[in-house]
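Only one structure is covered here, and it is reproduced in the block below.
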Amino acid sequence: MGNQFEHLRLPRIINIELPRRSSSGFSGTKRTDISEHGKQLLGQISSLIEPVKQKTSPFRLDPKLIFKIKVAEKHSFSDNLVTQTGLNVLAREPNKAIVVFSSDNELTEFKKRLENYSQIKDGPKYEYLGAIDELVPLEPEDRIGRLLDIKRVQPDELAALDLELWHTGDRKEMRKYLDDIVDVLESLTSNTAPMRMSDSYIGDYICIARIKVTEEILNLLLLEEIVKEIDRPPQPAFETTADYNLPISNFPEVVPPPEDNCGILVIDSGVPRGHPLIAPVLGEAEVFPDAKRQFIKGGADDVHGHGTSVAGIAVYGNVDNCIQQRSFDPTAWLFSARVTDENNKYDEDLLLETQLDEAIRAFVEQYPNCKVINISLGNDEQIYRNGLKQFRLAAKIDEIAYQYQHKNIVFVISAGNSFYEEAKSDEQLITDYPKYLLNESARIIDPATSAIALTVGSLSFGRGSITEPSDVRRQAVADLPGYPSPFTRSGFGVDGMIKPDVVDFGGDFVIDLKYREGLDLPKPKLRLSDTVAGVSVVTLSKDFNSSLFHICSGTSFAAPRVANLAAQLFTKYPDASSIAVLT
């Protein structure tokens with residue numbers, strides 16, 4: 001098997017963080033006002049250069065000039081042509097604008113070519129410059145992330161924020177930028193405003209830091225050319241669950257799987273190590289990166305329950321079948337990395353990218369059989385829309401996958417849950433299903449856009465309520481086997497990529513139609529997190545002393561079913577590449 005698929009290797013993503021469509025060069029209709037157009041662009045260059053020389057910000061982080069090239073409608077401008085003008089491409093935006101930087105703050109080569117194009121000087125005509133509509137600076141608003149835009153920093157707030165810099169390709173240079181920011185923050189800090197940088201990460205394509213700053217300092221940073229984006233930190237979105245007390249007599253002994261069986265790393269809210277169905281299969285559980293237990297209380301054990309639910313499915317696959325057969329035969333080893341506190345929040349002083357990097361590195365390097373990584377966490381406010389750049393966390397996952405391609409690891413990520421907030425009644429949720437799943441608000445979220453990971457959407461079992469099968473007022477929304485769960489998210493991904501990659505069962509919603517016509521009763525609010533026996537996924541409960549199992553619905557619980565299958569394939573074909581398993 002290994003030799004058969006040896007040629008199938010993970011392709012290198014040249015620029016994971018900034019995926020873009022390739023183009024052979026310039027295309028479009030030739031301009032008729034070449035001379036005037038060229039002079040306008042030269043004037044815009046002068047306007048771009050002058051503010052750089054006059055900056056008064058205490059940070060002064062921009063030895064390079066960064067600006068946007070707006071490409072005219074029906075024209076194209078390839079990366080290769082941009083490079084020929086002495087510029088470097090940083091990103092392409094949905095409105096056909098290209099973000100570029102130059103280490104030459106005078107833009108000597110660019111101006112020279114524009115002078116030829118506008119016929120001020122004799123020489124090559126450089127007609128491809130006609131694709132440029134205008135040259136504009138990046139404004140502070142361009143650097144405000146979506147979450148920060150939704151919730152702006154208040155005048156009296158000391159805000160924990162994620163700062164991302166444009167990566168120039170030089171890691172030493174990026175480290176100097178971050179060190180300079182640290183120096184300025186330390187010089188400006190006070191007892192009332194203890195500003196600082198608490199964490200940072202510099203990769204091959206990403207440069208980010210967690211900072212705590214006031215509104216005043218934030219506004220100064222938003223003026224810096226090297227600043228790509230400042231945003232509020234992500235927070236995990238979890239589904240609700242319900243205890244599921246199933247009778248089970250003569251509980252069978254759980255025999256651990258063979259030592260060389262594949263292991264699954266579940267990055268989540270932890271697991272209860274004393275659970276009788278988890279203890280025999282748990283290779284290791286740890287908190288990342290809080291080994292001294294200074295932030296996350298309770299150690300590696302699960303306080304919330306989400307991680308336990310995910311882990312149970314990852315290890316046993318179909319838990320419901322195990323219960324029916326009274327036989328629990330784990331097919332994979334379990335590794336657990338807890339990254340959230342007892343309130344299901346991320347540490348405001350640490351980057352989630354750092355937590356993922358440290359957790360994955362620790363398990364993958366220490367345990368050779370740890371080859372599948374399940375991430376059922378997502379930021380439901382970071383919704384992908386056509387033309388957007390890759391999300392930062394998804395880009396980090398792609399970077400890790402590439403770094404560990406020699407270990408053939410597979411990432412499995414849930415697509416995220418969507419909630420049809422536009423529905424004004426329970427009935428509308430049923431009548432509009434499944435059309436609303438194509439709404440922009442139902443697109444996949446960060447990090448489900450990861451290019452290399454398997455993104456998993458959710459399907460309905462097509463069953464009704466077990467406890468109230470004859471109650472016509474309690475109806476499942478999808479109610480058909482194999483139909484999309486009413487909460488699942490849809491694609492496409494970055495650059496038109498097909499996402500989700502696969503789907504599995506994650507449950508359904510049951511709505512309550514107890515409003516009776518003719519009676520003056522208020523209509524009930526939509527209960528999109530309702531969990532009902534029969535329509536929901538059965539898995540393990542963290543409160544195992546009172547209930548071994550419970551039920552839940554969500555894409556979070558479809559993903560580990562796929563992770564379990566991937567682990568079984570690795571166990572059967574230990575020499576297989578990750579590409580072979582994915583296909």
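Heads up: numbering here begins at 1 and tracks the sequence. Keep in mind the model is a prediction, meaning the values are calculated, not measured.
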Residues passing the salt bridge (Lys or Arg N to Asp or Glu O under 4.0 Å) test with Asp357, sequence neighbours excluded, are Arg361, Lys396
Between the side chains of Glu365 and Tyr404, is a donor N or O closer than 3.5 angstrom to an acceptor N or O? yes
Sequence neighbours left out, what pairs pass ring pair (Phe, Tyr, Trp, His ring centres under 6.0 Å) with at least one residue falling in residues 255-280? His275-Phe544
Between Arg338 and Asp301, is there a salt bridge with N-O shorter than 4.0 Å? no
is_close_aromatic(Phe288, Phe363), centroid dist under 6.0 Å: yes
Set of side-chain hydrogen bond (donor to acceptor under 3.5 Å, both in side chains) partners for Thr192, sequence neighbours left out: Ser190
Ion pair Asp380/Arg489, N-O distance below 4.0 Å: no
Between the side chains of Arg232 and Asp162, is the shortest nitrogen-to-carboxylate-oxygen separation below 4.0 Å, so that they form an ion pair? no
Less than 4.0 Å between a side-chain N and a carboxylate O, is that true for Lys389 and Glu229? yes
Can a side-chain donor-acceptor contact be found between Asn564 and Thr331 if the only test is distance below 3.5 angstrom? yes
Less than 4.0 angstrom from a charged side-chain N to a carboxylate O is my criterion; do Lys212 and Glu186 meet it? no
Atom NZ of Lys407 with >12 non-hydrogen neighbours under 6.0 angstrom: yes
With sequence neighbours excluded, what pairs up with Glu215 under the salt bridge (Lys or Arg N to Asp or Glu O under 4.0 Å) test? none
As a quick check of understanding, evaluate side chain to side chain donor-acceptor pair (under 3.5 Å) for Ser578 and Gln405, giving each step before the final call. CA-CA 8 Å; Ser578 54; Gln405 62 175 310; over 6 Å; no
Does a side-chain heavy-atom distance below 4.5 Å link Asp329 with Val255? no
How about Tyr367 and Phe335: are their ring centroids closer than 6.0 Å? yes
Do the non-hydrogen side-chain atoms of Lys542 and His550 ever get within less than 4.5 Å of each other? no
With sequence neighbours excluded, what pairs up with Arg561 under the salt bridge (Lys or Arg N to Asp or Glu O under 4.0 Å) test? Asp504
Could you walk me through whether Ser458 and Ser485 pass side chain to side chain donor-acceptor pair (under 3.5 Å), step by step? CA-CA 5 Å; Ser458 178; Ser485 299; 2.7 Å; yes
Verify whether one side chain among Asp302 and Ser269 offers a donor that lies under 3.5 Å from an acceptor in the other. yes
Would you please name every residue forming a salt bridge (Lys or Arg N to Asp or Glu O under 4.0 Å) with Glu381, sequence neighbours left out? none
Polar side chain donor-acceptor pair, Ser547 to Ser541, under 3.5 angstrom: no
